[in-house]
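Whatever order the structure lists ligands and atoms in, that order sets their numbers, starting from 1. None of these values were measured; they are calculated from a predicted model.
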Amino acid sequence: MVKIVAIGEPMIELNAMTVGKLRDVTYFEKHVAGAELNFCIAAKVNGVDCSLIAKVGDDEFGYNVIEYARGKGVDTSMVKVDPKLPTAVFFIQRGYPVPMRSISFYYRKGSAGSSLSPSDIDVSKIREADLVHTTGITLAISDSAKEAAMEGLRNSRKSSLDTNIRLKLWSPEKARETLLKVIPEVDILVTDPDDARIIGNVSEPDEAFSFFSKMGVSTLVYKTGIEGTYVYHEGEKFVQRGYHVQVEDPTGAGDSLSGTFISLLLKRKSVDYALSHAVASATLVVTTRGDNEIIPDEESAEKFLKEFK
Ligand code: CKP
Ligand code: MG
């Protein structure tokens, strides 16, 4: 059975029910999110077991995260409950100032999740896994979480990283410095032109592949939005165009794309199949609030690809 271990902070998402400035929003809808948990859910929906290594607070939101993740079939046996620190929360402002875009406002400083450290990493579980996944968010939230993620990557048989640079969490310089150190540990890299510009001053897909492959990356997933997602894998280049849909909230689309693509690749599906399903998944995620509820299984993604033009 193929198995993934993901390392990162799950969070409670409070998503604005209406478009506009958060100060004017009255109603928020609660979801459970966090990049690595979203990734795990996408893997599980696609039939790949996923365990999350994380910490939450001993509070209602912490138990909400654990019960939700468990309900989605994610293995939470390595999610620890911190007796003192709170579960992190973030709010999503939608459609302002740019229509169809969202902005996240974090309440995560000093959270249980950011206190994750190498002692929370069970190296034997890491060595057993087919793949270890993390993101630039875990590298940014604290030094101890970064060390935990590094411990996971270093001991993995195979690894993937989504650069996910959040400039609210660190400066471009710090992001660049850290990611240049971490990327050489990674087999599959997921990134986009904004992040690639920060890391290597590159933006064109071929240029980005040349830059990252020199750092040891063997597979590159390069997301350029509606224009398409590129994959460079075993000497071949693949591209899947995006689909025009009504955007409600794009948050989580990247994680559903990477979780779907990587889990299907681990299941030995073809790159074309995995990539088209990944884009189908991301397309559905942007049509609704919440990061992971709408991620399609293989059969539904097939239906999407057949019927939605
Ligand atoms: O890159 P994505 O939009 O797929 O990531 C969304 C997640 O972990 C979201 O759930 C949020 O909690 C976060 O990224 C984050 O920390 O920004
Ligand atoms: Mg992303």
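The protein atom (non-hydrogen) at minimum distance from atom 14 (O) of ligand 1 is R166 NH2, 2.9 Å. Ranking protein heavy atoms by distance to atom 3 (O) of ligand 1, first place goes to G252 N, 2.8 Å. Protein heavy atom closest to atom 17 (O) of ligand 1, with residue, atom name and distance, is Y106 OH, 2.5 Å. Shortest contact from atom 16 (O) of ligand 1 to any protein heavy atom: R108 NH1, 2.8 Å. The protein heavy atom nearest to atom 8 (O) of ligand 1 is A35 N, 2.8 Å. The shortest contact between atom 10 (O) of ligand 1 and any protein heavy atom is with D291 OD2, 2.6 Å. Closest to atom 13 (C) of ligand 1 among all protein heavy atoms lies I137 CD1, 3.7 Å.
The aromatic rings of F209 and Y232 sit parallel to each other, their planes meeting at less than 30°, with 60° as the upper class boundary. Using bins of under 30°, 30° to 60° and over 60° for the plane-to-plane angle, the ring pair Y243/F304 lands in the perpendicular bin.
If you check each of V285, N292, V89, D255 against atom 2 (P) of ligand 1, the one with the closest non-hydrogen atom is D255.
With hydrogens and angles left out, the side-chain atoms of D187 and S218 include no donor and acceptor closer than 3.5 Å. Side-chain atoms of E9 and S111 form a donor-acceptor pair, as typed in the model, at a separation below 3.5 Å. D297 and S300 share a donor-acceptor pair across their side chains, judged by distance under 3.5 Å alone. Side-chain atoms of E36 and T138 form a donor-acceptor pair, as typed in the model, at a separation below 3.5 Å.
Every N/O-N/O distance between P250 and ligand 1 stays at or above 3.5 Å. Considering backbone and side-chain atoms together, F90 places no N or O closer than 3.5 Å to any N or O of ligand 1. Considering backbone and side-chain atoms together, T251 places no N or O closer than 3.5 Å to any N or O of ligand 1.
Not a single heavy atom of E9 sits closer than 4.0 Å to an atom of ligand 1. In this structure, S104 has no heavy atom closer than 4.0 Å to ligand 1.
Stacking of K223 on the aromatic ring of Y230 is not recorded, the 6.0 Å distance cut-off and the 45° axial limit not both being met. Cation-pi geometry between R94 and Y96 is not met at under 6.0 angstrom from the ring centre and within 45 degrees of the axis.
Interface atoms of ligand 1 facing G254, defined by a heavy-atom separation under 4.0 Å, are 4 (O). Those atoms of ligand 1 that come under 4.0 Å of a heavy atom in A253, given as number and element, are 4 (O). Of all atoms in ligand 1, listed by their number and element, those nearer than 4.0 Å to a heavy atom of G34 are 8 (O), 10 (O), 12 (O). Those atoms of ligand 1 that come under 4.0 Å of a heavy atom in A33, given as number and element, are 10 (O).
A continuous path of Ile, Leu, Val, Met, Phe, Trp and Tyr side chains, each step under 4.5 Å between heavy atoms, connects L180 with I165, placing both in one hydrophobic cluster.
Among L275, L220, L265, the single residue meeting the side-chain contact (heavy atoms from CB on, under 4.5 Å) criterion with V231 is L275.
By the criterion of a heavy-atom distance under 4.0 Å, the side chain of N38, and not its backbone, is placed next to ligand 1. Residue contacts with ligand 1, taken as heavy atom pairs separated by less than 4.0 Å, involve N164 solely via side-chain atoms from C-beta onward.
Proximity of the aromatic rings of F91 and Y106 is defined here by a centroid distance below 6.0 angstrom, and this criterion is not met.
With a cut-off of 2.8 Å, the Mg ion (ligand 2) has an N, O or S atom of N164 in range.
Inter-residue side-chain proximity for T87 and Y63 is flagged as unmet; no heavy-atom pair is nearer than 4.5 Å.
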